[in-house]
Protein chains: 2
Amino acid sequence: MKKNNEITNKLFQNFKEKGYRLTTPRKAILLLLSKTDDHPSVEELYFDIHKNYPSIGMTTVYRTLDLLVSWNVVHKFDFGEGRSRYELIDHPNGLGHHHHLICCNCKSIINYTDLIDKEVELIAKLEKRLSKRYDFEINSHVIEFYGLCKNCR
Amino acid sequence: MKKNNEITNKLFQNFKEKGYRLTTPRKAILLLLSKTDDHPSVEELYFDIHKNYPSIGMTTVYRTLDLLVSWNVVHKFDFGEGRSRYELIDHPNGLGHHHHLICCNCKSIINYTDLIDKEVELIAKLEKRLSKRYDFEINSHVIEFYGLCKNCR
DNA sequence: TTTGCTGCAAATACTTTGCAGCGTT
DNA sequence: AACGCTGCAAAGTATTTGCAGCAAA
């Protein structure tokens, strides 16, 4: 599993830099997140992890995710379901950066990656402009479109 | 108060179309939301409303907001504080459409309105493209930048 | 009069915290 | 050995629901 090693190495460095340790629950969560293009909730992550590591509790999943979010490794989303969902910021699966179409009715989420060059460039410019104007260090961005999906119209 | 009448008229139509009634709590919430460029939480709305209408309870605020959200009159945000925040989608105060810079540390929010023409145009194109591609009816969009504000860097 | 919105209180769901124990470094 | 992560159970907080009463059309 070349990819797993890549992830491990990358995150291992993050951890070292921040002074945190690479523990079993963290490895498990990061590997799970790196294997999906979905946005798992805490509960979903917990159940999956539990299959392989029955001793890891829900609390640890919460705490680990909080840390990963604070390190800018993971982004925490709220799509209005009353629970949070999580996603790797730098996804290693070639999925890369993507955004969301969110159905207001059934809460289904479509990932889209088709931001053309012009758009990417424009977002970069906007980021630079806002950053300077508001003296704000921008780490990540989110573009979401809300509406009704095919089935709910 | 011309503006209040405009809002009332506009929403009154929405209500009629949807078959819902224009009640005191709804008027109160809509007027409050139309008077601020902030993103009040349920609790904040409740306290404000309570000053003028002591009989309106928190439950009603929740329920009313849910309805307004489902009618696409109000957008529900979650900035990661563990509570939701609300904002009129078509703000009548000339504030117009805006987006957010969100500080990951102190959770402060900066509104920015300076999307230049090129950007607006581009978002419109993107919307059209996505809409067609995914057979998705887009009603609103959100562009958020996450990072560290002036004070938290 | 009828429909369906309101309010209170209780219930629910998600998330956080206290504290003792354990694993890494 | 020391530091600080981990798990369980309990606590906390935001949000939802049941049900009787009431208001608007």
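Chain identifiers are assigned alphabetically (A, B, ...) following the order of the sequence lines, protein sequences preceding nucleic acid strands; residue numbering begins at 1 within each chain.
Computed from coordinates, the L45(A) CG to dT15(C) C1' distance equals 15 Å when rounded to whole Å. Rounded to an integer number of Å, the gap from NE2 of H50(B) to C1' of dT6(C) is 13 Å. If you measure from atom CZ of R63(B) to atom C1' of dT17(D), you get 8 Å, rounded to the nearest angstrom. Counting to the nearest Å, the C1' atom of dT16(D) and the CG atom of L65(B) are 14 Å from each other. Spacing between atom CG of D66(A) and atom P of dT15(C) amounts to 10 Å, rounded to whole angstrom units. One interatomic measurement links the two molecules: CD of E81(B) to P of dT15(D), which rounds to 10 Å at whole-angstrom precision. Between Y53(B) atom OH and dT6(C) atom C1' the separation is 16 Å, expressed in whole Å. Remark: P of dT15(D) and OH of Y46(B) are 15 Å apart, rounded to the nearest angstrom.
Ring orientation note: the planes of H39(A) and F79(A) are nearly perpendicular, at an angle over 60° on the 30°/60° scale.
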Could you check E137(B) against K150(A) for side chain to side chain contact (heavy atoms under 4.5 Å, CB included), going step by step and ending with a plain yes or no? CA-CA 8 Å; E137(B) 177 189 324; K150(A) 198 193 283 192; over 6 Å; no
Could you go through the side chain to side chain contact (heavy atoms under 4.5 Å, CB included) check for E119(B) and L126(A) one step at a time? CA-CA 9 Å; E119(B) 289 157 347; L126(A) 181 55; 3.5 Å; yes
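Residues H75(A) and V142(A) come closest through the heavy atom pair NE2-CG2, 3.7 Å. L122(B) and L122(A) get closest at one heavy-atom pair: CD1-CD1, 3.6 Å.
For the pair P25(B) and T59(B), nearest-nucleotide mapping onto DNA chain C gives the more 5' position to P25(B). Residue-to-nucleotide proximity on DNA chain D shows that, of V42(B) and T24(B), the 5′-proximal contact is made by V42(B).
Closest to the side chain of Y62(A), from the set dT16(C), dT17(C), dT16(D), is dT16(C). Of the listed nucleotides (dT15(C), dT6(C), dT6(D)), dT6(C) has the atom at the smallest distance from the side chain of R26(B).
A donor-acceptor contact under 3.5 Å is formed by the side chain of R21(A) with the base of dC3(D). For R83(A) and dT15(C), a side-chain-to-base donor-acceptor distance below 3.5 Å is absent, hydrogens and geometry of angles not being considered.
In this structure, S84(A) reaches the sugar-phosphate backbone alone: every heavy-atom distance under 4.0 Å involves primed, P, OP1 or OP2 atoms, never a base.
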